[in-house]
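Please read all numbers here as calculations on a predicted model, not as lab measurements. Below, read A as the first sequence line, B as the second, and so on, with proteins coming before strands; counting in each chain starts at 1.
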Amino acid sequence: MSNDGFNFETIDKKWQEKWENEKLYQVDGESGKPKYYVLDMFPYPSAAGLHVGHPEGYTANDILARFKMMNGYEVLHPMGWDAFGLPTENYALKMKIHPEIATAENILNFRRQIKRFGFSYDWSREVNTTDPEYYKWTQWIFVKLFENGLAYEKQALINWCPSCKTGLANEEVVDGKCDRCGAKIERKNLKQWMLRITSYAERLINDLDLVDWPEDVKTMQKNWIGKSTGALVNFHVKNTQEDLEIFTTRPDTIFGVTYMVMSPEHPFLDKVLSGQKKKELNKYRELIQSKSDLERTELNKDKTGISTGLFCINPLTNEDIPIFVADYVMMGYGTGAIMAVPAHDQRDFDFAKKYNISIVPVIEPFDGIVPTEEAFDAVGTMINSGEFNGIKSDDAKEKIISFIEEQKLGKKSIQYKLRDWIFSRQRFWGEPIPIVHCEKCGAVAIPVEELPLKLPDVEFYETSGTGESPLAKMPEWVNTTCPKCGSKAKRETNTMPQWAGSSWYYIRYTDPKCTTGIASKEAINYWLPVDTYIGGREHTNLHLLYVRFWHKFLQDIGVVDCPEPFARLRNQGMVIAEDGRKMSKSLGNVVNPDEVLDKYGADVIRLYEMFMGPFNQESVWNTKGIEGVNRFLYKVWDLFDPKLLIKCCDDETNRLVHKTVKKVTHDIEEFSFNTAISAMMIFVNHLHKLKMKPKNALKILLCLLAPFAPHISEELWENFGETSSIFKSKWPEFNSELCKDTEIVVPIQINGKMRDKVIVSAEIKESELKERVLAREKVKVFIGEKKIVKWIIIPLRLVNLVVK
RNA sequence: GCCGGAGUGGCGAAACUGGUAGACGCACAGGACUUAAAAUCCUGCGGUAGCAAUACUGUAACGGUUCGACUCCGUUCUCCGGCACCA
């Protein structure tokens with residue numbers, strides 16, 4: 001190295017200590033400046049420690065936070081720990097230590113690693129979801145949900161992970177496997193606490209219009225909520241007093257119904273079947289039960305079912321139609337029963353073919369060719385449909401719904417795929433659900449004054465796997481009295497899922513020590529919503545859906561005022577290992593940030609993480625690539641030779657200053673950090689070529705670089721004689737007029753092909769430009785004998801001659 | 001199957017509302033400095049042909065619109081992500 005002054009170890013340490021002593025990043029909401037709330041998805045502190053993927057998002061947000069600070073904002077930028085949950089509990093069981101101790105150790109390690117990057121966190125606001133002073137308020141929110149009828153108990157067939165020995169929410173099941181451990185999910189019938197997220201379905205869809213989130217994330221949430229519009233229609237069951245209610249999105253196909261299907265779990269079947277048919281049903285149910293969800297979906301191609309021997313009457317045709325039971329109809333959606341139209345639904349078509357059920361087309365394709373080997377599910381003309389014949393099928397939809405409503409056969413209806421949130425976990429390391437089961441009063445919430453309901457103080461516990469929480473085996477904790485009537489009562493022994501604590505932490509940060517509520521109203525109203533939120537795309541249908549649900553509930557009970565928690569969301573892409581695979585412990589390809597920090601220091605790793613590629617895209621870790629940004633920072637350091645400074649800037653340099661400020665300012669706002677760094681590299685390469693370095697250009701460079709590489713920037717700033725932090729200085733301004741070049745290179749095309757270039761003044765008149773172009777030897781050659789048909793002149797950009 | 005997103009040098013990538021494709025960085029090659037190496041500095045670097053000026057060709061493939069297409073339209077292929085019997 002050509003210098004000996006740049007020692008990142010001392011510089012990093014010096015500035016991190018200084019920032020901490022000066023409380024540079026602590027905010028109180030009383031500065032009088034406009035606020036800006038920058039938030040990272042807080043990490044789950046695992047035993048494995050930080051990997052290089054974590055700091056990508058943190059660095060981006062830190063750049064934004066420092067940029068906003070320099071632009072005159074009071075910036076709230078907090079960090080904390082999402083520390084309850086299975087991995088820690090499993091780790092603790094394995095190591096035979098208490099999860100509380102394991103959690104404390106993991107947090108210690110995470111905090112140490114994160115601090116090495118020199119992020120601008122206000123550490124005085126740190127939160128920890130496992131702290132009783134925190135989970136007191138998580139429990140409080142649960143009590144409020146309970147009091148408002150949004151938390152309820154239900155005996156239900158739920159997703160059960162045999163390896164984690166707990167029930168899971170639908171959102172935690174991926175491809176029929178446990179999101180955490182990959183074990184195949186089983187079904188288990190358990191009494192569960194559920195949260196009524198479904199009553200917020202409509203608002204969860206509509207309010208996506210209020211936020212600046214990536215479109216794909218919005219779409220994913222919309223699809224997950226899965227709204228569909230159709231009708232509920234009653235079909236009378238022959239020889240009974242009963243009606244069978246079905247949901248359909250295709251009322252236009254009602255005349256084509258040739259059979260009905262009920263889900264095997266449908267309770268109606270128990271009411272109406274007896275004898276031999278009942279036996280057949282039970283046999284079929286056993287067959288279904290023995291299959292996991294995964295196998296059940298694998299049955300896709302080959303549909304199974306049994307006949308019930310019962311018939312319905314089609315309310316529009318008065319024809320008798322048979323009722324079947326088949327597992328391609330789910331109990332959890334709509335009414336658990338469908339009308340089957342094989343001519344216009346592929347699933348019904350497959351089933352009808354297999355069981356020889358008739359297929360009656362009621363919609364004719366516009367080309368008149370009715371397919372016979374598959375269902376026709378597009379729009380066409382109505383046929384075989386009585387008075388509706390001849391009209392377009394999508395117009396018929398509305399007409400038939402109206403008709404059905406007039407005849408009191410059914411009504412218009414909206415259904416969602418979203419299910420209520422299964423909220424109980426049969427594990428130890430989570431917030432205890434603050435409910436007491438009283439012999440007389442039933443489920444009673446624990447009064448607020450008695451919260452937090454702490455986890456029992458035990459040395460060791462085991463996960464039962466029976467569907468009971470380990471807490472159930474602690475009678476001294478379980479047995480209690482009813483807060484309402486004083487009778488004997490038992491505590492709820494299930495705990496909350498990991499997603500509970502993370503569903504409101506962004507509120508706690510605004511007032512982390514508040515003892516009178518989840519945060520004071522002033523703090524909430526001052527800081528919320530979060531202005532920019534950063535995290536991985538994998539949380540779209542879990543965390544981000546749950547948070548929005550809780551937020552809307554908190555809005556309904558007057559705790560928060562804004563409709564959405566996160567005004568702007570940006571996703572970081574994953575960091576892939578050098579071998580092109582996902583970084584994982586088992587593959588041994590994980591890059592530990594500690595090693596990179598030891599070798600290069602905080603500024604280099606920060607810069608590299610941002611330079612790897614576009615922020616929201618997956619990027620591959622490349623050890624060689626780090627050298628490039630390392631060289632860049634050394635080059636910056638070398639520019640600051642006090643013997644080579646001059647006051648004034650030449651015109652060219654001055655233009656580049658303005659151009660660079662413009663580009664970096666714009667790119668930070670747009671999260672285009674890689675191109676911002678590239679612009680600074682161009683700037684530095686230019687300064688490097690100058691014999692004498694203009695002082696004002698160097699100072700501006702430092703300001704631009706400071707959010708990216710804060711340590712080295714502060715050090716050089718101080719060397720320049722500045723006495724207060726560079727982050728207290730103003731972000732440089734640019735003048736668009738001064739970005740303009742006086743001389744420009746104009747490319748000349750002939751018939752759209754690049755042929756020549758000419759250097760002209762930026763202010764050149766069109767007539768003069770034409771002359772200059774025609775004077776070019778090459779242009780003359782290419783025109784030759786041909787005639788100029790058209791001049792296309794794009795000012796400052798190019799000239800194109802059309803010749804014939 | 002359905003819904004998103006993406007395909008650009010040896011590699012990571014850039015290109016504003018259609019206007020010089022490959023900025024910036026990595027790797028590589030040549031040179032300077034050095035006893036030598038590392039570091040640093042300078043030069044070159046999509047492909048084909050040519051000593052060269054230069055020409056042709058080139059942004060997954062094919063076709064279209066346009067004076068002009070990585071960018072717009074159509075068809076196809078590949079990869080990634082999400083959903084998946086949701087009636």
Worksheet, complete the sentence: Which of B:A21, B:C67, B:C85 is nearest the side chain of A:N800? It is B:C67
Worksheet item: Going through the checks in order, is the ring-ring contact (aromatic ring centres under 6.0 Å, His included) test met by A:F611 and A:F673?
Response: CA-CA 7 Å; A:F611 191 60; A:F673 304 107; over 10 Å; no
Discussion item. Strictly by Watson-Crick or wobble contacts shorter than 3.5 Å, is anything paired with B:G46, and which nucleotide is it?
Written reply: B:U57
Item to complete: For nucleotides B:U48 and B:G58, find the distance between their C1' atoms and express it as a whole number of Å.
Response: 11 Å
Worksheet item: Just checking A:I792: base, sugar-phosphate only, or nothing, at a heavy-atom cut-off of under 4.0 Å?
Response: base
Discussion item. It should be established whether A:Q617 places a side-chain nitrogen or oxygen under 4.0 Å from OP1 or OP2 of nucleotide B:C80.
Written reply: no
Worksheet, complete the sentence: In whole angstroms, the gap separating C1' of B:C67 from NZ of A:K804 amounts to 11 Å
Fill in: Whole-Å gap separating P (B:A87) and CD1 (A:I338)
11 Å
Fill in: Pairing partner of B:G19 (Watson-Crick or G-U wobble, both distances under 3.5 Å)
B:C67
Practice prompt. Go ahead and name the base partner of B:G74; Watson-Crick or wobble counts if both distances stay under 3.5 Å, otherwise write none.
Written response: B:C62
Worksheet item: Between B:C16 and B:A23, how far is it from one P atom to the other, in whole Å?
Response: 15 Å
Worksheet item: Looking only at atom C1', what distance separates B:G44 and B:G82, rounded to whole Å?
Response: 46 Å
Discussion item. For A:S672 and A:G332, find the nucleotide of RNA chain B closest to each by heavy atoms; which residue's nucleotide sits nearer the 5' end?
Written reply: A:S672
Worksheet entry | Nearest-angstrom distance, C1' atom, B:A32 to B:C79 | 46 Å
Worksheet item: Across the strands shown, which category fits A:S228 at heavy-atom distances under 4.0 angstrom: base, sugar-phosphate, nothing?
Response: sugar-phosphate
Practice prompt. For nucleotides B:A6 and B:A15, find the distance between their P atoms and express it as a whole number of Å.
Written response: 14 Å
Worksheet item: Nearest of B:A87, B:G82, B:C24 to any side-chain atom of A:N541?
Response: B:G82
Worksheet item: Can you tell me how far OG1 of A:T198 sits from CG of A:D420, rounded to the nearest 0.5 angstrom?
Response: 3.5 Å
Worksheet item: Ignoring hydrogens and angles, does a donor from either the side chain of A:K417 or the base of B:C83 sit under 3.5 Å from an acceptor on the other?
Response: no
Worksheet item: B:U40 pairs with which nucleotide, Watson-Crick or G-U wobble, both distances below 3.5 Å?
Response: B:A32
Worksheet item: Of all the nucleotides listed (B:C85, B:U54, B:G25), which has the minimum atom distance to the side chain of A:M681?
Response: B:G25
Fill in: Sugar-phosphate, base or nothing in reach of A:K635, heavy atoms under 4.0 Å
sugar-phosphate
Item to complete: Give the rounded distance in Å between these two atoms: CG of A:L798 and C1' of B:C67.
Response: 10 Å
Item to complete: With heavy atoms under 4.0 Å as the rule, sort A:R755 into base, sugar-phosphate or nothing.
Response: sugar-phosphate
Item to complete: Starting from C1' on B:C2, measure out to NZ on A:K227 and report it in whole angstrom.
Response: 20 Å
Item to complete: Using both distances under 3.5 Å as the test, list the Watson-Crick or G-U wobble partner of B:A13, or none.
Response: none
Discussion item. Would you measure the distance from the P atom in B:A38 across to the matching atom in B:A29 and give it in whole Å?
Written reply: 11 Å
Fill in: Most 5' of A:K624 and A:P747 on RNA chain B, judged by nearest nucleotide
A:P747
Discussion item. Is A:N751 close enough to B:G68 that one of its side-chain N or O atoms is under 4.0 Å from OP1 or OP2 there?
Written reply: no
Worksheet item: When we call it a touch if two heavy atoms are under 4.0 Å apart, what does A:Y416 touch: a base, just sugar-phosphate, or nothing?
Response: nothing
Worksheet item: For A:D345, which contact category applies under a 4.0 Å heavy-atom criterion: base, sugar-phosphate, or nothing?
Response: nothing
Item to complete: Measure the distance from NZ on A:K689 to P on B:U40 and round it to the nearest whole Å.
Response: 17 Å
Practice prompt. Enter the distance from A:D667:CG to A:T675:OG1 here, rounded to the nearest 0.5 Å.
Written response: 3.5 Å
Discussion item. Expressed as a whole number of angstroms, how long is the span from A:I682:CD1 to B:A13:C1'?
Written reply: 13 Å
Item to complete: Would you indicate what A:K757 reaches in the nucleic acid, counting non-hydrogen atoms under 4.0 angstrom: base, sugar-phosphate, or nothing?
Response: base
Discussion item. Going by purine N1 to pyrimidine N3 plus the second Watson-Crick contact, or the G-U wobble pair, all under 3.5 Å, which nucleotide sits opposite B:A84?
Written reply: none
Discussion item. What contact category does A:F782 fall into here, base, sugar-phosphate, or nothing, at under 4.0 angstrom with non-hydrogen atoms?
Written reply: sugar-phosphate
Worksheet entry | Candidate nucleotides B:G12, B:A15, B:G19, ranked by approach to the side chain of A:T675 - the nearest | B:A15
Practice prompt. Check the chi torsion on B:G9 and let me know: syn if it falls within 90° of 0, anti if not.
Written response: syn
Discussion item. Would you say A:N685 places a side-chain N or O within less than 4.0 Å of OP1 or OP2 belonging to B:G25?
Written reply: yes
Worksheet item: To the nearest angstrom, how far is A:I677 atom CD1 from B:A13 atom C1'?
Response: 13 Å
Discussion item. What's A:W224 touching, base or sugar-phosphate or nothing? Going by heavy atoms closer than 4.0 Å.
Written reply: sugar-phosphate
Worksheet item: Contact class for A:D348 vs. all strands (heavy atom < 4.0 Å): base, sugar-phosphate, or nothing?
Response: nothing
Fill in: Evaluation steps, side chain to side chain donor-acceptor pair (under 3.5 Å), between A:N685 and A:K635
CA-CA 8 Å; A:N685 287 345; A:K635 232 169 174 174; 2.9 Å; yes
Worksheet item: Are A:W637 and A:F8 an aromatic pair by the rule of ring centers under 6.0 Å?
Response: no
Worksheet entry | Below 4.0 Å: OP1/OP2 of B:U40 and any side-chain N or O of A:R631 | yes
Worksheet item: Mind checking the C1' distance from B:U17 to B:G68? Whole angstroms is fine.
Response: 16 Å
Worksheet item: Going by distance alone, is a donor N or O of one side chain under 3.5 Å from an acceptor N or O of the other, for A:S761 and A:E743?
Response: no
Practice prompt. Indicate, with yes or no, if the rings of A:F351 and A:F324 have centres closer together than 6.0 Å.
Written response: yes
Practice prompt. Take A:V341 and A:R250, measure what side-chain contact (heavy atoms from CB on, under 4.5 Å) needs, and give me the verdict at the end.
Written response: CA-CA 9 Å; A:V341 188; A:R250 296 295 307 275; over 6 Å; no
Practice prompt. Nearest whole angstrom, please: distance from the P of B:A6 to the CZ of A:R537.
Written response: 11 Å
Worksheet item: Where the side chain of A:Q749 is concerned, which of B:C85, B:A14, B:G19 is the nearest nucleotide?
Response: B:G19
Worksheet item: Between A:Y608 and A:Y600, is the ring centre distance below 6.0 Å?
Response: no
Worksheet item: Distance between the C1' atoms of B:C45 and B:U35, in whole angstroms?
Response: 32 Å
